[in-house]
Structures are given as C-alpha cells and as structure tokens.
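Beneath this line is the structure, given in structure tokens, with notes to follow.
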Protein chains: 2
Amino acid sequence: MSYVTVKDIAKVAGVSTNTVSRALNGKPDVNQETKQKVIEVAHKLGYVSNRSALSLKRQKSYIVGVVTEDNANPFWAEVLKGVEATAKNYGYHIIIANTSRNYETEAEGIKMLIERRVDGLLISPVQEKYDDILNLKRYEIPFAIMGRHVEGLDVPMVYDDGIRGGSIATEHLIKQGCKKIAFIGAQPYNTASSERCQGYKKALQKNGITVEDDLIKTGGIEIGGGYKSVMDLAANHTEFDGIFVYNDLMALGVIKALKELKIRIPEDVKVIGYDDISYASFICPSLTTMRMKKFEIGEIAFKMLFDSNEQNKDEVVLHSDLIIRESA
Amino acid sequence: MSYVTVKDIAKVAGVSTNTVSRALNGKPDVNQETKQKVIEVAHKLGYVSNRSALSLKRQKSYIVGVVTEDNANPFWAEVLKGVEATAKNYGYHIIIANTSRNYETEAEGIKMLIERRVDGLLISPVQEKYDDILNLKRYEIPFAIMGRHVEGLDVPMVYDDGIRGGSIATEHLIKQGCKKIAFIGAQPYNTASSERCQGYKKALQKNGITVEDDLIKTGGIEIGGGYKSVMDLAANHTEFDGIFVYNDLMALGVIKALKELKIRIPEDVKVIGYDDISYASFICPSLTTMRMKKFEIGEIAFKMLFDSNEQNKDEVVLHSDLIIRESA
DNA sequence: ATCGGTATCGATACCGGTATCGATTAGGAG
DNA sequence: CTCCTAATCGATACCGGTATCGATACCGAT
C-alpha cells in the first residue's frame with residue numbers, strides 16, 4: 001500500500017483537500033462534525049503527513065543539523081544529548097553529521113544539511129580551515145559554534161574556558177607535588193587544546209616552574225594519540241612526574257602507555273584529564289579530571305539558535321570543575 | 001540572502017528551468033556550452049539543491065531511519081557506525097531516533113521517520129510491545145530489526161546468537177572454577193537478555209550444576225541496573241563466586257557494587273560481560289567479555305534493506321567471541 | 001523542395017501539502 | 001423583505017525541483 005494523501009482523505013470524506021488540511025491541523029473555519037469525520041477517515045486510511053511537502057510549502061524543516069567530530073565519542077555523545085533533549089522541547093529533530101576530524105567531511109556534511117534545508121546548524125568545527133563555515137553567512141540560516149572558541153570569526157559560540165580549566169588542572173598537579181609536568185594535547189589548530197595549554201603554562205609560571213618545550217606534546221586525538229605521546233616522551237628519555245592531558249579519551253591512552261612502561265599512577269606520575277566522560281570513574285586508576293558542562297553546551301547552543309533569551313548573546317563561556325579521583 | 005532556485009539560475013543563464021536541471025544533473029540533451037554556462041551561473045549564485053523538493057518529486061528521500069535505545073550507549077554507537085559507514089557508501093544519510101527504552105518514544109520516533117518518508121528503517125525494538133513495528137507493514141517501506149531476535153514477527157533480522165554466547169561465557173566461568181554463578185540480566189521481555197540467560201542455564205545443566213532462581217536477577221539496564229542487582233544479591237545473603245552480566249555497561253555497575261562490598265575480583269568473584277565495548281579493557285579490573293560484531297550488525301542490517309545480495313535473507317545470525325581479561 | 005532523423009531546449013504537469021481568496025449559506029437585524 | 005455578518009468550505013496558486021512531451025532548428029538524403 002502506498003502512502004495516503006490529503007487528496008485520498010478528501011475523496012473519501014467528501015470534502016476538499018483544503019478542509020482536510022484545516023481539520024487535521026486544528027485550524028478554524030471547520031465545522032465540528034466535518035472535522036471529526038475527516039479525522040476519522042484519516043485515521044482509518046492510516047494517513048501520515050509528508051514532511052517534505054510541508055518543508056517545501058512552509059519553507060521550514062523543523063530540523064537542526066549538528067556537526068561534530070564523532071557522535072560515538074563519549075564527550076560529544078553527552079553534548080548531543082543536550083542538543084537533542086532541548087530540540088525535542090522546541091519541536092525540532094536533529095540530523096547528525098560526523099566530521100571524523102576531517103575538513104572535507106565537515107564541508108560535505110554542512111552541504112548535505114543545507115540541502116536538507118535545516119532551520120539551524122550547530123557546529124563543532126574541525127578547525128583546519130573555516131571556509132565552509134564562513135560561507136554559511138551567505139544564507140539566512142542561523143548557526144552557532146559548540147565547544148570551541150574561535151577568535152575573529154564573528155559567529156555565536158558556546159564553549160568552556162580552557163585557560164581557566166587548564167590552569168586549575170595544572171595547579172592541582174603542582175599542589176600534589178609535581179615538578180615536571182607534561183602537557184599532552186591535540187592538533188595545534190585545535191583551540192580547545194591550545195587554550196588548555198595556555199592555562200597550563202600560566203599555572204607553571206605563576207608557581208615559578210619554567211615551561212619546557214620537551215614536555216609539551218601535540219598530535220593525534222583519541223586513545224591512540226595519548227598513547228603515542230607518552231611513548232614519544234619515554235623514547236626521548238624526557239623525565240616527568242605529572243601529565244595534564246587534553247581530554248579523558250587521550251588520558252586512557254596515556255594510562256595504557258604508562259602501565260606498559262611499568263610507571264605507577266599516581267606514585268610515579270600523576271595524571272589529570274579533562275571532560276569527565278562517564279567512564280572516567282571506572283578506569284584504573286580512576287581518573288582525576290575537569291568536569292565540563294557537556295549537556296549544557298548542547299542545550300545552550302540550541303537555544304542560541306531560536307530562543308529569544310539566548311539568541312542575541314554571541315558568546316557563552318562555561319566553567320568546568322575539578323573532580324579529584326585516584327590518578328592525581 | 002535567500003536560497004537560489006533553478007528559476008533564478010534559468011533567468012540569469014537565459015535558459016529554461018528544465019535545461020538548468022539537465023545541466024546540473026549531467027543528463028543528456030544539453031549542449032556542452034550551455035551546460036558549462038549553467039554550472040557557472042549556479043556556482044556563482046551559490047546554488048544548493050533542495051532535498052525536500054527532490055524527495056517530493058522523486059518519491060525517495062535517500063534517508064534511512066535508525067531507531068535505537070540510545071546512540072550514546074557505547075554498544076549502539078558502534079552499531080551506528082556500521083550503519084552510517086554503509087549508508088554513506090550507498091548514498092544515504094541517516095536520521096537517528098532514540099527510544100530511551102520506552103515504547104511510546106519508540107512509536108513517536110517511528111512516526112516521525114515515516115513523516116520524513118525515509119526509504120528504510122532499522123529498528124532495535126524496545127520489545128515491550130510490537131504494535132508500532134507491525135503497523136509498518138501497512139506501508140511499502142523496507143525495514144529490519146537489529147540486534148534482537150524476535151520469534152513470530154516475520155520481519156528480517158540480524159542478531160547475535162545469545163544462547164551460544166551465553167553458554168560460552170558461562171562455561172568460561174565454570175572452567176575458572178566457579179560453582180555458584182549468578183546471571184544479571186535486563187528486563188524479562190528483552191530477548192537478547194533472555195537468550196543469554198538460556199545459554200547460561202544450558203551451560204550449567206551441561207556441567208551438572210543446578211539452576212537456582214535466587215541467582216538470576218533481571219531488572220533495569222545500564223550501569224545502575226547492574227549495581228542494584230548485586231546489592232540485591234548481597235542483601236539476600238545469596239552466595240556466589242561468579243557473575244555473568246547481560247552486557248558490559250551493566251558489568252560496570254556490577255564491578256562498582258562488588259568493590260563497595262569489598263569483594264575482590266577475580267579472587268572472590270569472577271565477572272564476565274557481553275558486547276566488548278571499547279572501555280572494557282580500560283576498566284579496573286579489565287573486563288572479560290564476549291566480543292559482539294557490532295559494526296557488522298549495523299552494516300548487514302543496512303544491506304538487508306537495499307543490497308540485492310542480502311535483501312532476501314530474513315535472518316542473519318552472528319557469533320561473538322570470548323575475550324579473556326582480568327575479571328575472569 | 002521535401003522528408004526524416006537528431007540534437008537541443010521549453011512549456012507544463014506533477015509530487016503533497018498549505019495559504020489566499022472568493023463563494024455559498026444561514027441567521028439575525030433593520 | 002433586504003442587507004449584513006459570520007461560519008463554512010472549495011478552487012486555485014504556490015513551494016522547488018524533475019519528467020514528459022512537444023517544439024524547433026539544422027543536417028543530409030532523396
């Protein structure tokens with residue numbers, strides 16, 4: 001059986017398609033009895049409205065596109081929950097486009113979302129380039145940047161204060177007695193990573209510890225990236241007694257590497273992560289980290305698109321909290 | 001600036017909308033020069049095609065709807081990666097509808113996806129009821145069930161052999177010397193859970209161990225469910241030296257509870273999970289588990305919809321492998 | 001000169017809804 | 001009885017594409 005249309009309902013109910021539309025949408029100018037009958041017929045025929053036709057006519061899709069690096073990543077999964085829950089409250093659905101931290105994939109994803117005529121766009125940019133995002137200004141589509149702070153882009157953003165957080169994390173290691181603290185970060189163009197690194201340097205300087213370039217590693221993100229950076233440090237015989245890792249996922253790799261190197265945590269080396277993903281308390285040793293307001297990032301980002309209270313803010317900065325566990 | 005249409009391009013290029021369409025879609029019956037000019041104009045004006053209009057005209061959306069309990073759940077996140085990667089190869093996009101293990105949410109999600117006129121539907125059902133899924137047969141939309149085995153539904157399915165896997169997991173505990181093995185499962189209507197429980201019973205019987213109802217717990221899923229079940233066992237002073245947990249996420253809760261009860265793993269109690277989520281090797285102690293073919297479930301499920309090689313199979317059964325780590 | 005074939009292109013209908021506007025009817029006021 | 005108003009409803013245009021079909025022009029063959 002094919003899909004039922006308003007025309008089918010109209011024929012069976014003996015009214016015009018217009019009346020069907022009015023009846024089904026609770027509009028005025030319909031007699032109560034007619035309305036009942038139409039609804040009855042629609043139900044009996046198994047009518048389901050066609051959103052494509054609606055989108056076309058209303059010039060509104062009630063879809064918001066979300067562009068993130070990977071919706072399976074536990075950090076972004078939480079952010080997405082915030083977006084999704086808020087979207088639902090506002091009568092929107094979301095389509096997710098993963099970038100896999102690749103600029104071309106990001107550009108493709110954004111194009112796809114524009115083709116679907118999303119009503120808004122939430123982007124956590126790859127940051128290799130911003131051409132695709134700047135290009136968005138050609139259209140009248142509202143969009144916002146999530147989880148990253150980008151200077152000079154003149155686009156609404158919601159992000160975590162990485163300088164503050166990085167500074168707090170590093171100070172915690174210093175208070176725990178660490179003297180030679182390494183920073184293991186993401187790609188250099190990743191502003192979240194570079195801000196946390198700035199915070200790290202700030203904390204070191206404030207405490208009279210010199211910043212050593214050998215102790216700063218940037219590279220691939222995710223578990224493998226953290227693993228590799230520790231192995232690099234070890235291969236260069238760089239000494240360290242503390243590590244501040246860009247995020248918890250990389251911290252997993254860091255911990256794995258340290259274990260393989262028979263370095264005890266936290267006795268020999270203390271480790272602190274960032275994000276507080278849900279598995280941070282279950283890993284061994286449990287991970288000290290900065291708890292980011294993940295759900296809120298998604299929630300606020302969505303509201304920046306459509307909620308008049310948040311709409312005209314061009315920047316929302318969130319603060320993360322230190323969560324002390326076993327690793328530091 | 002509003003969106004550019006074929007009409008705008010036609011006006012500027014001095015041709016008809018039809019010619020624009022032909023030129024942009026690589027169709028024949030267009031002069032090479034005309035084609036070039038149209039493409040040029042389209043590019044200059046920043047044309048992006050409108051998928052809603054296309055969907056309406058072509059009666060095809062190139063979207064597949066995916067209904068799962070929670071895309072943030074590490075197990076389903078992997079399955080979704082399989083779906084997404086395969087969909088991309090076939091030129092499809094996906095829209096995700098989370099059910100939160102709630103029948104009403106599932107029914108709503110399915111309705112939304114039908115409204116968007118998805119070309120296919122992949123569902124991991126809540127299993128409280130099947131009315132919404134059976135209702136799908138009214139439409140001509142292809143769909144398949146992922147990760148669950150449901151008898152008597154006459155719908156294509158791809159799932160893991162839970163009886164086999166549950167049996168292997170339980171036998172592993174028995175070989176490790178466990179005599180009193182508990183099973184901690186999900187809700188009773190969850191067929192994946194009940195099949196693993198069947199496998200558990202089968203293995204016990206085969207090894208001359210009597211099945212004790214006190215040792216079988218069913219209840220809430222996810223971390224909290226596992227935690228609560230262990231605490232229930234402890235409150236009833238039920239003795240056990242091994243636990244087979246429905247999935248790894250619940251195993252996290254189990255391990256948390258055991259730690260709080262000062263029960264050592266694996267010395268006092270051995271624990272085995274199911275799924276092999278990516279964090280299983282990082283938790284403490286690292287989790288022995290059954291590795292499910294998560295990506296493949298998503299991949300095969302998608303192919304069942306459209307790929308002529310897989311299309312006419314009504315069931316694909318996958319086998320999981322025992323991964324031995326510290327917890328058992 | 002006429003004809004047939006081919007290449008190129010445009011007018012128009014249609015997909016499934018909704019909005020605009022006009023038509024019809026009934027009822028009450030004058 | 002006429003006029004006005006409100007309630008109800010239908011005909012039609014439109015959203016942005018594409019498919020169908022017909023029109024036109026140009027070529028070489030007869």
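Throughout, a chain's letter reflects where its sequence line sits, starting with A, and its residues are numbered from 1.
- As a whole-Å value, the separation of A:K35 NZ from D:dC9 P is 12 Å.
- In this structure, A:Y3 does not reach the C:dG17 phosphate: none of its side-chain N or O atoms is under 4.0 Å from OP1 or OP2.
- Between A:I9 atom CD1 and C:dG16 atom C1' there is a gap of 11 Å when expressed in whole angstrom units.
- Residues A:V41 and A:Y47 have side chains not in contact (no heavy-atom distance under 4.5 Å, counting atoms from C-beta outward).
- Close to D:dT18, at under 4.0 Å from its OP1 or OP2, lies a side-chain N or O of B:N25.
- A salt bridge links B:R101 with B:E222: the distance from a Lys NZ or Arg NE/NH1/NH2 to an Asp or Glu carboxylate oxygen falls below 4.0 Å.
- When all heavy atoms of A:S61 and B:R116 are compared, the pair lying nearest together is O-NH1, 3.1 Å.
- Going from atom CG of A:L24 over to atom P of C:dT18 covers 8 Å, rounded to whole Å.
- Regarding B:L54, its CG atom lies at a distance of 17 Å from the P atom of D:dC15, rounded to whole Å.
- Between A:K27 and C:dA19, a side-chain N or O to OP1/OP2 separation shorter than 4.0 Å is present.
- To the nearest 0.5 angstrom, A:T17 atom OG1 is 9.0 Å from A:R22 atom CZ.
- Rounded to whole Å, atom P of C:dG16 lies 15 Å from atom CD1 of B:I114.
- Look at B:T5 and you won't find any side-chain N or O under 4.0 angstrom from OP1 or OP2 of D:dG16.
- Taking atom CZ on A:R117 and atom P on D:dG16, their separation rounds to 8 Å, with Å as the unit.
- Of the two residues contacting DNA chain C, namely A:A53 and B:Q32, the nearest-nucleotide position lying further toward the 5' end is that of B:Q32.
- Look at A:K81 and B:D70 and you find a salt bridge, because one of the NZ, NE, NH1 or NH2 atoms lies within 4.0 Å of a carboxylate O, short of that distance.
- Listed pair B:R58 / D:dA19 meets the phosphate criterion, a side-chain N or O lying under 4.0 Å from OP1 or OP2.
- Across the protein-nucleic acid pair, B:K37 atom NZ and C:dT8 atom P stand 17 Å apart, rounded to whole Å.
- Salt-bridge annotation for A:E33 and A:K37: absent, with no side-chain N of the basic residue lying under 4.0 Å from a carboxylate O of the acidic one.
- OP1 and OP2 of D:dC9 both lie 4.0 Å or more from every side-chain N or O belonging to A:T19.
- The residue A:V20 sits apart from the nucleic acid: no heavy atom pair falls under 4.0 Å.
- At least one side-chain nitrogen or oxygen of B:Q59 sits closer than 4.0 Å to the OP1 or OP2 atom of C:dG16.
- One finds no side-chain N or O of B:N50 lying less than 4.0 angstrom from the OP1 or OP2 phosphate oxygen of D:dC15.
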When you compare the protein's N or O atoms with those of nucleotides 11-14 of chain C, which come within less than 3.5 Å of each other, and at what distance?
unit_1 : atom_1 : unit_2 : atom_2 : d
C:dA11 : N6     : B:N18  : ND2    : 2.3
C:dC14 : O2     : B:K57  : NZ     : 3.2

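- Ion pairing of A:K129 with A:E106 is absent here, as no side-chain N (NZ or NE/NH1/NH2) approaches a carboxylate O to less than 4.0 Å.
- No engagement by A:S52 is indicated, since no non-hydrogen atom pair under 4.0 Å with the nucleic acid exists.
- When B:I95, B:N98, B:I94 are each tested for a side-chain contact (heavy atoms from CB on, under 4.5 Å) with B:V66, only one passes: B:I94.
- As judged by a 4.0 angstrom heavy-atom cut-off over every strand, B:S55 is placed among residues making no nucleic acid contact.
- When rounded to the nearest whole Å, the span between CD of A:E115 and P of D:dG17 equals 10 Å.
- Across all strands, B:D29 comes closer than 4.0 Å to base atoms (heavy-atom distances).
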